[in-house]
Amino acid sequence: MTKPGYVYLMANRRRGKTYLGVTSNLVQRAYQHRNKLIEGYSKEHDCSLLVWFEAHDDIQDARAREWKLKKWRRVWKIALIEEHNPEWRDLYHDIA
């Protein structure tokens, strides 16, 4: 049996700093970022807004997608966010 997974992007503001990650529990991980419970880049740059995510049936598929997106240029990631979330709304309350 496979575990589902999510690829997600956090941001500090519209078109600001972004953080790309993967998790099996999106609500918990977004909460951790929002409350600065995870050390590193997202905490240092205040990436606390969940601005994009993609669900996968298998965590390995989510990891593979994250690996591909990590190679993308910043402008492509911004376009991905704006295609699905043009206002850069915080999607946390939509999932929690």
May I have the step-by-step check of side chain to side chain contact (heavy atoms under 4.5 Å, CB included) for Trp52 and Glu83, ending in yes or no? CA-CA 10 Å; Trp52 176 85; Glu83 176 183 348; over 6 Å; no
Do [X] and [Y] share a hydrophobic cluster, counting only Ile, Leu, Val, Met, Phe, Trp and Tyr and linking them when any side-chain heavy atoms are less than 4.5 Å apart?
{"X": "Tyr31", "Y": "Val27", "value": "yes"}
{"X": "Tyr19", "Y": "Val7", "value": "no"}
{"X": "Val51", "Y": "Val75", "value": "yes"}
{"X": "Ile95", "Y": "Leu9", "value": "no"}

Keeping Asn35 on the side-chain end and Leu37 on the backbone end, is there a donor-acceptor pair under 3.5 Å?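 Between the backbone of Leu37 and the side chain of Asn35 there is no qualifying donor-acceptor contact (under 3.5 Å).
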Looking at Arg14 and Pro86, would you say the former's side chain and the latter's main chain have a donor-acceptor pair under 3.5 Å?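 Confirmed, Arg14 side chain pairs with Pro86 backbone.
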Could you measure the distance from the [atom1] atom of [X] to the [atom2] atom of [Y]? Nearest 0.5 Å is fine.
{"X": "Lys36", "Y": "Gln32", "atom1": "NZ", "atom2": "CD", "value": "13.5 Å"}
{"X": "Asp58", "Y": "Arg63", "atom1": "CG", "atom2": "CZ", "value": "9.0 Å"}
{"X": "His33", "Y": "Ile38", "atom1": "NE2", "atom2": "CD1", "value": "4.0 Å"}
{"X": "Asp94", "Y": "Leu50", "atom1": "CG", "atom2": "CG", "value": "8.5 Å"}
{"X": "Met10", "Y": "His45", "atom1": "CE", "atom2": "NE2", "value": "14.5 Å"}
{"X": "Lys70", "Y": "Lys77", "atom1": "NZ", "atom2": "NZ", "value": "7.0 Å"}

List the atom of [X], the atom of [Y], and the distance in Å for their closest heavy-atom pair.
{"X": "Gly5", "Y": "Ala62", "value": "C-CB, 3.8 Å"}
{"X": "Thr2", "Y": "Asp57", "value": "OG1-O, 3.5 Å"}
{"X": "His56", "Y": "Asp61", "value": "ND1-CB, 3.9 Å"}

Determine, step by step, whether Arg65 and Val22 satisfy the side chain to side chain contact (heavy atoms under 4.5 Å, CB included) criterion, reporting the C-alpha distance in whole Å, the side-chain angles of both residues, the deciding distance to 0.1 Å, and the verdict. CA-CA 9 Å; Arg65 174 73 163 149; Val22 67; over 6 Å; no
Can you tell me if CZ on Arg73 sees more than 12 non-hydrogen neighbours from other groups inside 6.0 Å?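 It does not: Arg73 CZ has 12 such atoms or fewer within range.
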Inspect the surroundings of OH in Tyr92 and state if more than 12 heavy atoms from other residues, nucleotides or ligands are less than 6.0 Å away.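 Yes, the 6.0 Å shell around OH holds more than 12 heavy atoms from other groups.
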Going by heavy atoms in the side chains, are [X] and [Y] under 4.5 Å from each other?
{"X": "Lys3", "Y": "Ser24", "answer": "yes"}
{"X": "Leu49", "Y": "Arg89", "answer": "no"}
{"X": "Leu69", "Y": "Leu80", "answer": "yes"}
{"X": "Glu82", "Y": "Trp88", "answer": "yes"}

Taking the six-membered ring for Trp, are Trp76 and Trp72 parallel (under 30°), tilted (30 to 60°) or perpendicular (over 60°)?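 Judged by the thresholds at 30° and 60°, the geometry between Trp76 and Trp72 is perpendicular.
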